[in-house]
Student: 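Mind looking over this structure? Questions follow.
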Protein chains: 2
Amino acid sequence: MGETLSRQEREKLRHRREILAVALKLFSDKGYHNVSMHEIAASAEFSIGSLYKFFKNKEDLYRSLMMEKGEGIIQILNDVLSQDEDVVTIIRNYIAAKAGIITNNIEIFRLHFAETQGASYNIKAGLEQKMRNYHRETIKKLACVLEKGIRAKALRQADPFYLAAALDGLTNAFLFCWLENPDQHPYEANVTLITELFLKGALE
Amino acid sequence: MGETLSRQEREKLRHRREILAVALKLFSDKGYHNVSMHEIAASAEFSIGSLYKFFKNKEDLYRSLMMEKGEGIIQILNDVLSQDEDVVTIIRNYIAAKAGIITNNIEIFRLHFAETQGASYNIKAGLEQKMRNYHRETIKKLACVLEKGIRAKALRQADPFYLAAALDGLTNAFLFCWLENPDQHPYEANVTLITELFLKGALE
DNA sequence: ACATAAAGTGAATATGCCGTCATTTATTGT
DNA sequence: ACAATAAATGACGGCATATTCACTTTATGT
């Protein structure tokens, strides 16, 4: 399909993206509730009215932000988990891929963690549900990969879902270290340690 | 010190605690910003005016809530980590203790995760800083314990801080499973799996 | 019984922000 | 050059909610 967009349409898209980028920065710095539409408008150098031409309301803006970034991320992880490699290689690739994803999306993650975790029926219920499902799906996909490893007697006999959750948690731990102090705790430098820890444990 | 409080003083404290309990419930259900002082007042069966007799403002109420619960929790973990036992036993006790703590404080954790993670300078800056320090201190204390294990050649040669972070992340992963679905993923049932995974890894 | 203090109340105030819409400015086609 | 259409503007209405304070009720001490 030769999606030929007119200049005007391309400009419009660019403006939309600019607004989203500004909003992401502000939200991730200050939190959803502490950023006003006026502030976003001013920061993006548009009028408030214009914001409402692009997005139905504040929630819609937030929703668009999360969904559009989120889908790209899921895609990447899915690709890694669909590779035709042996389990250990895929695990290593998964750990490494997460590094790249986070590096390119710190703000999104900050925001996601700030607005989402725990609170079950916050506003944006539908969206968070969807994001959570994405996450769960990824974990499940990871679990499938691990299950093959278990059946091949490469991995320990255990519920693959828990193994997947464990790997997810392990990587997150290092990611948090890194988020708190990017210079002192570079995630990428620890990919090997994470892999080793997950596979062989902390003993000896 | 025989802190003899008059009946009136005891009542006042009780009222204060009741308000905090109600606020915790509401906050953890709906998120800080989606609960009004009026709602807390009504739910606690006090007038708004009374709330402001107890707490300077909404933020002060929240702050009190987090600090008072938080300090108790830190205390428990510190105790576990100060036991005079071998490393592996302490690790197991730590994992188990976390189960108890979370069981008794689900709301606090929901709330903490919802309001705190990631967003670096949200409101309540001072408080979150303090909470984060508490967490860091606990991790450090855990790291000290692990370091002894490393020196004794019981644990793998690695930065003890990272090992501590890893254990923290691993337990959190299971806690999240449990938070999302308490019946299907009881944390307590998995203490052994967590310990095994941390010590020996996923390989088999 | 009475005075004094403490606890409790809620209408009223002040603030801040979401979202609208009548109007202005820019762009396109003829 | 000139409609006709699309994009952009920002003052303003309306609403939710934090906080105050003048007042009422309850408790305490003499």
Side-chain angles (χ1 to χ4, degrees), chain A residues 4-27 29-65 115 119 121-127, chain B residues 4-27 29-66 111 115 119 122-125 127:
Chain A
T4 322
L5 296 163
S6 69
R7 208 202 73 227
Q8 197 157 137
E9 286 169 315
R10 274 177 286 133
E11 286 256 293
K12 200 173 169 184
L13 270 179
R14 191 169 53 76
H15 290 173
R16 189 190 139 95
R17 275 197 299 272
E18 270 170 26
I19 293 170
L20 284 178
V22 164
L24 172 55
K25 177 83 175 73
L26 289 173
F27 282 151
D29 279 355
K30 310 168 64 167
Y32 180 80
H33 286 283
N34 301 312
V35 176
S36 73
M37 290 297 265
H38 278 80
E39 194 175 352
I40 297 171
S43 203
E45 295 175 282
F46 281 96
S47 66
I48 321 138
S50 293
L51 284 210
Y52 284 90
K53 284 278 160 64
F54 285 103
F55 306 98
K56 204 168 90 261
N57 51 39
K58 192 180 178 184
E59 188 177 327
D60 182 46
L61 195 163
Y62 178 81
R63 190 183 294 262
S64 308
L65 192 54
E115 297 297 336
Y121 98 110
N122 251 351
I123 38 156
K124 300 156 280 167
L127 192 248
Chain B
T4 321
L5 296 162
S6 68
R7 209 203 70 227
Q8 197 157 139
E9 286 169 316
R10 274 177 284 132
E11 286 255 294
K12 198 174 170 182
L13 271 180
R14 191 168 54 77
H15 290 172
R16 189 189 139 94
R17 274 197 300 272
E18 270 170 26
I19 293 171
L20 284 177
V22 164
L24 172 55
K25 178 83 175 70
L26 289 172
F27 282 150
D29 279 356
K30 309 169 63 169
Y32 179 80
H33 286 282
N34 301 312
V35 176
S36 72
M37 290 298 266
H38 277 82
E39 195 174 350
I40 296 171
S43 203
E45 295 175 282
F46 281 96
S47 67
I48 320 139
S50 290
L51 284 210
Y52 284 89
K53 286 277 160 69
F54 285 103
F55 307 98
K56 203 167 90 262
N57 52 38
K58 192 180 176 184
E59 188 177 329
D60 181 46
L61 194 163
Y62 178 81
R63 191 183 292 263
S64 308
L65 192 54
M66 294 307 260
L111 181 52
E115 299 296 336
N122 253 352
I123 38 158
K124 300 157 279 168
L127 191 248

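Just so it is clear: chains get the letters A, B, ... in the order the sequence lines come, proteins before strands, and each one is counted from 1.
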Student: How far apart are the closest heavy atoms of A/Leu20 and A/Leu61, and which atoms are they?
Tutor: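 So the two residues come closest at CD2-O, 3.9 Å.
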Student: Quick one: closest heavy-atom pair of A/Lys30 and A/Asn34, and the distance?
Tutor: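 Shortest heavy-atom contact: O-ND2, 2.9 Å.
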Student: May I have the distance from B/Tyr62 (atom OH) to D/dA18 (atom P), rounded to whole angstrom?
Tutor: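 Rounding to the nearest Å, OH of B/Tyr62 and P of D/dA18 are 15 Å apart.
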Student: Map A/Lys56 and B/Phe54 onto DNA chain C by nearest heavy atom, then report which one ends up closer to the 5' terminus.
Tutor: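 Result: B/Phe54.
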Student: Describe the nucleic acid contact of A/Gln8 in one word from base, sugar-phosphate, nothing, applying a heavy-atom distance below 4.0 Å.
Tutor: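 Here A/Gln8 touches the backbone only, sparing every base.
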Student: Please tell me which of the listed nucleotides, D/dG10, D/dA18, C/dG10, lies nearest to the side chain of A/Ile48?
Tutor: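 That would be D/dG10.
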Student: Rounded to whole angstrom units, what separation is found between the CZ atom of B/Phe55 and the C1' atom of D/dA18?
Tutor: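 Whole-Å distance recorded here is 16 Å.
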Student: Heavy atoms only, 4.0 Å cut-off, all strands: where does A/Ser36 land among base, sugar-phosphate and nothing?
Tutor: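 Answer is sugar-phosphate: A/Ser36 comes under 4.0 Å of backbone atoms only.
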Student: Would you call A/Glu11 and A/Arg14 a salt bridge, taking side-chain N to carboxylate O under 4.0 Å as the test?
Tutor: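 Salt bridge: yes.
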Student: So does B/Lys12 get a side-chain nitrogen or oxygen closer than 4.0 Å to the phosphate oxygens (OP1/OP2) of C/dA7?
Tutor: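 The answer is yes; a side-chain N or O of B/Lys12 sits under 4.0 Å from OP1 or OP2.
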Student: How many whole angstroms separate atom CD of B/Glu59 from atom P of D/dT19?
Tutor: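 Roughly 9 Å, once rounded to whole Å.
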Student: Examine D/dG10: is either OP1 or OP2 under 4.0 Å from a nitrogen or oxygen in the side chain of A/Ser47? Give yes or no.
Tutor: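 Result: no.
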Student: Taking atom P of D/dA8 as reference, at what distance in whole Å does atom CD of A/Glu18 sit?
Tutor: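 It works out to 11 Å between those atoms.
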Student: A/Tyr32 vs A/Phe27 aromatic rings, parallel, tilted or perpendicular, using cut-offs 30° and 60°?
Tutor: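 Plane angle between 30° and 60°, so tilted.
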Student: Looking at B/Ser50, I'd like to know whether one of its side-chain N or O atoms comes within less than 4.0 Å of OP1 or OP2 on C/dG8.
Tutor: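 So the side-chain polar atoms of B/Ser50 never come under 4.0 Å of the phosphate oxygens OP1 or OP2 of C/dG8.
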Student: Can you tell me how far C1' of C/dG19 sits from CG of A/Asp60, to the nearest Å?
Tutor: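 Distance, rounded to whole Å: 13 Å.
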Student: Between atom CD in B/Glu45 and atom C1' in C/dA7, what is the gap in whole Å?
Tutor: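 Value for this atom pair: 17 Å.
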Student: Just to be sure I understand the rule, does A/Lys53 reach a base, reach only the sugar-phosphate, or reach nothing, if contact means heavy atoms closer than 4.0 Å?
Tutor: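 Counting heavy atoms under 4.0 Å across all strands, the contact made by A/Lys53 includes a base.
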Student: Would you classify B/His15 as touching base, sugar-phosphate or nothing, given that sugar-phosphate means primed atoms plus P, OP1 and OP2, and contacts are heavy atoms under 4.0 Å?
Tutor: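 Here B/His15 touches the backbone only, sparing every base.
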Student: Over how many whole Å does the gap from A/Phe46 atom CZ to C/dT25 atom C1' extend?
Tutor: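 It works out to 14 Å between those atoms.
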Student: Mapping B/Leu51 and A/Asn57 to their closest nucleotides on DNA chain C, which lands nearer the 5' end?
Tutor: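 Nearer the 5' end of the strand: B/Leu51.
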Student: Minimum heavy-atom separation for B/Lys58 to B/His33, with atom names?
Tutor: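 Heavy atoms of B/Lys58 and B/His33 come nearest at NZ-CA, 4.2 Å.
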Student: Take the protein atom CE of A/Met37 and the nucleotide atom C1' of C/dC18, then report the distance between them rounded to whole Å.
Tutor: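 Rounded to whole Å, this separation is 8 Å.
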